[in-house]
Amino acid sequence: NSTVVTNYVTTPPDFPQIQITTPANGAGVGYLFASNFIPNAFFGNPNSGSYLLILDDNGQPVYYQKVPETAVAVDFKVLSNGLLAYWESGVYHLLDKSYKEVKTIHAENGYNAIDLHDLILLPDGDYMFTILDAQTVDMSQVVPGGDPNATVEGSVIQELDADGNVVFQWNSFDKLPITDSDQDLTAKTIDYIHTNAVELDNDGNILISSRHLDEITKIDHASGEIIWRLGGNANQFKFLAGPGISDVLQFYKQHDIRRLPNGDISVFDDHNDHDPMNSRALEYTLDKANKTATLVWEYRNTPDVFSFAMGNVQLLPNGNFMIGWGAHSNPSATEVKSDGTKVFEMGFDAPYVNYRTFRFPWHGYPSWAPALVAQQGTNSTSLTFSWNGATDIEKYEVYGGNSPKNMSFFAEKPKTGFETSINLVGIQNETCYFQVMPIDNQGHTTQYSNFALNPACAISFFPLISNSGQ
């Protein structure tokens, strides 16, 4: 049941193959947001064939943006203000509906970079994100055999207002002991907490997920004090099984804490280092007074998937869950109903993985021109055209002529996917230039494509025209 989407004419040659292993049936509204990359790129290796991707349910691109081979880009999503956001090289980049970069979010107070894991937009317009804070610690004073000159990596939560001023900052070193970590505390370098998600709770306080504590922590937004700790060595809750739950109740090496509209929390449970090593999407009901955490829903894939890192769970408006499998290539994302029915699944070819997968409604209006390619066939010319990032196109008008200044209407072609093609028979060198005009779903003209030269025409006689416009 695997459909491989590939062989485009107007995309770069290293555009990734997308495999649809469960066609969409009852899926949520909107497009898929992902960013494929090679995991070894985090260690300085080339990250070729990596893209920011908006995909439709057929796995076809709606928008793609090439990521430099020397960089990694992750956490590509739509914020509540309608802007696109993604992390690259320590900075969050924000794009508008024309895909123009309109803002960058930087770490402040002397920190060099935002951690790649998360950025959220708060209702008041502030931005909150995570920072890795590396400090030199004499671990020989903390644990037997500890390195007296160890580098210990903690986490900072920073909040900036719309002008970039720091209005809140929290440091894990101040509140969470290094000895609560599940890492080797005698090592030279210790990533003791590894905070990988931040969430504004319903009461205005803060939830964080920390992989190397196996813990969800609630933090007072005003004072920075710890309110409660769920999971890990300092767990304050009793884990209980909800109706129909017979699986392991606790999460390990988790990601992506989110507060749900019904008051529950969702978590992506990577479940490293504990049997069975199967990753899951989880939902808990918390009783803060009695300190219980009841596992009321879980989804394990069929067959089981183990993702050693990354991953997310997104509750969609129709009640479905979009599950990103993180470090697992195929499947990379699965959408399920609350009863566990799988309604969509997709994947990448190894070694590509994707940090998080989202589904969002989106309307894009690119400023660049559509792309048009002409290819010569037997007694025919094939035209293939697309408009990267344009979401509201219904059809294309095709024009041709022997001069860019003398073009005539040839045909109208409904949009059939990311790329649309038309085969013009019998024209040969009678028409040497082509151009298309996308028509949107309101019947409005937009902007002309580039001119494409008919290969049947003598290139030496007809100079290639690359500018657009008629």
Side-chain angles (χ1 to χ4, degrees), residues 1-25 27 30-42 45-77 86 88 279 301-303 305-312 322-335 342-360 362 364 371 373 375 382 384-391 415-421:
N1 294 325
S2 178
T3 301
V4 179
V5 181
T6 186
N7 299 324
Y8 295 110
V9 175
T10 60
T11 61
D14 65 351
F15 190 81
Q17 291 189 343
I18 312 295
Q19 299 190 34
I20 305 299
T21 51
T22 300
N25 183 12
Y31 297 115
L32 303 157
F33 287 72
S35 50
N36 68 305
F37 67 93
I38 300 172
N40 283 341
F42 280 118
N45 295 300
N47 190 29
S48 58
S50 176
Y51 289 82
L52 299 176
L53 297 168
I54 304 177
L55 305 171
D56 67 15
D57 284 344
N58 296 313
Q60 296 201 25
V62 173
Y63 170 72
Y64 64 87
Q65 179 178 317
K66 175 74 172 173
V67 177
E69 283 196 8
T70 56
V72 176
V74 297
D75 202 27
F76 185 40
K77 58 193 175 185
Y86 69 94
E88 182 184 320
S279 300
N301 204 41
T302 304
V305 168
F306 172 63
S307 176
F308 72 89
M310 305 183 289
N312 73 301
M322 175 59 69
I323 303 166
W325 295 108
H328 196 273
S329 294
N330 193 6
S332 176
T334 303
E335 183 177 337
K342 188 183 296 186
V343 298
F344 176 79
E345 190 166 80
M346 61 164 280
F348 295 102
D349 284 350
Y352 293 109
V353 297
N354 174 45
Y355 172 45
R356 288 170 168 170
T357 305
F358 299 99
R359 184 184 288 279
F360 292 110
W362 176 251
V373 174
Q375 297 172 303
S382 175
T384 303
F385 30 95
S386 67
W387 197 3
N388 181 27
T391 57
K415 181 182 177 182
T416 56
F418 176 69
E419 291 184 337
T420 302
S421 297

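Throughout, numbering of the chain's residues begins at 1 and tracks the sequence.
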* To do: Test side-chain contact (heavy atoms from CB on, under 4.5 Å) on Met346 and Leu55 and set out the steps.
  => CA-CA 11 Å; Met346 61 164 280; Leu55 305 171; 3.9 Å; yes
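- A distance-only check finds a donor-acceptor pair linking the side chain of Asn47 to the backbone of Ile38 [under 3.5 Å].
- Contacts of Asp14 classified as side-chain hydrogen bond (donor to acceptor under 3.5 Å, both in side chains), with partners at least two apart in sequence or in another chain: Tyr51, Lys66.
- For the atom pair CZ of Phe418 and OG1 of Thr11, the computed distance is 6.5 Å after rounding to the nearest 0.5 Å.
- Residues satisfying the side-chain hydrogen bond (donor to acceptor under 3.5 Å, both in side chains) criterion with Lys77, sequence neighbours excluded, are Asp75, Asp118.
- Side-chain rings of Phe42 and Phe37 approach one another, their centers coming within less than 6.0 Å.
- With no hydrogens or angles considered, a side-chain donor-acceptor pair links Glu345 and Thr21 at under 3.5 Å.
- When atom types are taken as modelled, the side chain of Ser307 and the backbone of Ala327 share a donor-acceptor pair closer than 3.5 angstrom.
- A search for ring-ring contact (aromatic ring centres under 6.0 Å, His included) contacts involving Tyr31 returns nothing, not counting sequence neighbours.
- A donor-acceptor contact shorter than 3.5 Å is absent between the side chain of Gln19 and the backbone of Asn330.
- With values rounded to the nearest 0.5 angstrom, Phe360 atom CZ is found 10.5 Å from Ile54 atom CD1.
- Shown here for Ala71 and Glu88, the closest heavy-atom pair between the two residues is CB-OE2, 3.7 Å.
- Checked against side-chain hydrogen bond (donor to acceptor under 3.5 Å, both in side chains), Ser332 has no partners two or more places apart in sequence or in another chain.
- Within the 3.5 Å criterion, the main-chain N or O of Asn58 finds a donor-acceptor partner in the side chain of Asp56.
- Under the 3.5 Å distance criterion, the side-chain polar atoms of Thr334 are left unmatched by any main-chain donor or acceptor of Ile323.
- Interatomic distance, CD of Gln60 versus CG of Asp57, reported as 11.0 Å (0.5 Å rounding).
- Distance alone, capped at 3.5 Å, is enough to place a donor-acceptor pair between the Asn45 side chain and the Asn40 backbone.
- In this pair, Phe76 and Tyr63 present their aromatic rings tilted. The plane angle is within the 30 to 60° band.
- Taking OH from Tyr352 and OG from Ser35, the interatomic distance works out to 13.0 Å, rounded to the nearest 0.5 Å.
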* To do: Output, in order, the C-alpha distance, side-chain angles, deciding distance and verdict of side-chain contact (heavy atoms from CB on, under 4.5 Å) for Phe344 and Leu32.
  => CA-CA 11 Å; Phe344 176 79; Leu32 303 157; 3.4 Å; yes
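- For Ser386, the side-chain hydrogen bond (donor to acceptor under 3.5 Å, both in side chains) partners are Thr10, not counting sequence neighbours.
- Remark: Ala34 engages Phe348, Asn354 in a side chain to side chain contact (heavy atoms under 4.5 Å, CB included) (not counting sequence neighbours).
- Rounding to the nearest 0.5 angstrom, the gap separating the CD atom in Gln17 from the CG atom in Asn36 is 11.5 Å.
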* Check the pair Thr22 / Glu335 against side-chain contact (heavy atoms from CB on, under 4.5 Å), numbers first and verdict last. => CA-CA 9 Å; Thr22 300; Glu335 183 177 337; over 6 Å; no
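- Interatomic distance, CG of Asn388 versus CD of Glu419, reported as 10.5 Å (0.5 Å rounding).
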